Amino acid sequence: MLILVCNAGSTSLKYKLFDMPSFNLIVECKTERVGRDDAIFSYKNHQTRFSEKLEGISVQDYTAGVELFLSYLLGEKSGAIKTINELNAVGFKTVLAKGYYGVHELTEDVIAAMEAYICVAPAHNPPYIQAIRVFKKLLPDCLMVGCFETAFHTTVPLFRKIYALPYDWYEKYGICRLGFHGASHSYISRKIREYAGEHYKLISCHMGGSVSVCAIEDGRSVDTSFGFSLQTGVPHANRCGDIDAYIIPYLLSEGLSMDEILKGIDKQGGLLGISGVSNDLRDIQEAAEAGNTRAELAIEAFCDSVVKYIGAFYAVLGGMDYLVFTGGIGENSVVVREKICTRLEALGVVFDSDANASASGDAVISASNSAVKVFVLPANEEAGIAQTIYEKHRKNETNVFL
Ligand code: ADP
């Protein structure tokens, strides 16, 4: 069964084509910096060993990104399939839909529920809806499945999910902490289970264009830095993370429009907002090394926020056996990992800076006498999604909640 998984991040588009149930990875592809003129595109066909990387190309939106990928997937030299109809299912790492929290076939009702929550996930739902529509048009008879990112966090207890707001807002409007990045944190949890067995206290830090910290006990999410929307928690590439809600009425009273404020929160905030340099940590690190103080400030604010969540989740879990860094920043930024880990000595982390500097692939970056084992683990949300879809499809269960 050929399952294509599409992962539309807030700044990137990634795909993996799996032959299931063997998990044989046939194609992987990534476009970074979608929406910019300096996008980076990389494509690998593992069967034929064809690979290509294009830098500095223009990929203006997610529709253009999907079309570029399909031109390679079906291409004469690069292609893995001859016609698009060879795909048995396309899975999407969808984020949020009103009333749908698990794994669902992407019917028009589910897409409408995603549209209804565009105001809550403005950076994520529109790209997914665009990508889903392109695929649905090309493949009208193919099974399209959304694995919504909130599913993993349904185990967080209500006393931690509930906001201290009028209770009927929870009942009537569903206002509570939902949590996202479920596919990533659940994949990391399964990897840690391979080392730890059934019982473990894990803090998983997914740091990419979107960033979240998750507290996991014995494979179950017990807390997450994300709230009701993706504008919460740690600062993200363009999004603000946690802010005081009263900043909004105050800025309105100062004459800013709601659109201007939302743009600041959603597009011009986060690492970009603080640094004024870029939403990409690579650019910010380079600027900081060259002495740009706002770039330094962005890195410090980012790391500080992650450290605070780790401290809070240590208390929530009553300890920490494993700490994991994943996602584009988590996997690649030696500087960020060092800044975070060297502040966690009181929690039992003995950091190994040489191991950190040379980490690649699955790596341990704590010293052998560290009470907490610290890992860098490449994110592989797509494999988890392919497995879920394969199992649900086999049991004909695509319309059930997880
Ligand atoms: P998304 O959340 O959009 O899926 P990724 O997980 O791929 O994104 O993370 C992308 C981010 O990772 C980039 O915006 C950049 O900040 C960061 N990143 C990628 N490579 C590096 C690197 N070599 N050094 C530092 N940061 C990096």
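Everything numeric here is computed off the predicted structure, so don't read it as measured data. As the structure lists them, so they are numbered: ligands from 1, and atoms in each ligand from 1.
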Asks: Would you say G209 has any N or O atom under 3.5 Å from an N or O of ligand 1, going by distance alone?
Replies: yes
Asks: Under a heavy-atom criterion of less than 4.0 Å, does S210 contact ligand 1?
Replies: yes
Asks: Is it true that the side chains of S333 and Q285 contain a donor and an acceptor less than 3.5 Å apart?
Replies: yes
Asks: Considering only heavy atoms of S12, which atoms of ligand 1 have at least one such atom less than 4.0 Å away?
Replies: 1 (P), 3 (O), 4 (O), 8 (O)
Asks: Judged by non-hydrogen atoms, does K14 sit under 4.0 Å from ligand 1?
Replies: yes
Asks: Is it true that the side chains of T224 and H185 contain a donor and an acceptor less than 3.5 Å apart?
Replies: no
Asks: Hey, does M207 come in under 3.5 Å of ligand 1, counting only N/O atoms on both sides?
Replies: no
Asks: Does the side chain of Y309 pick up a donor-acceptor pair with the side chain of D242 at under 3.5 Å?
Replies: yes
Asks: Under 3.5 Å, is there a donor on one side chain and an acceptor on the other for S204 and H181?
Replies: no
Asks: Evaluating non-hydrogen atoms only, which member of V34, D280, N332 is closest to atom 15 (C) of ligand 1?
Replies: D280
Asks: Is the closest side-chain donor-acceptor distance between H206 and S184 under 3.5 Å?
Replies: yes
Asks: Please confirm whether L281 comes within less than 3.5 Å of ligand 1 when only nitrogen or oxygen atoms on both sides are compared.
Replies: yes
Asks: Taking L17 as the fixed residue, which of L25, L73, N45, V5 is the one that meets the side chain to side chain contact (heavy atoms under 4.5 Å, CB included) rule?
Replies: L73
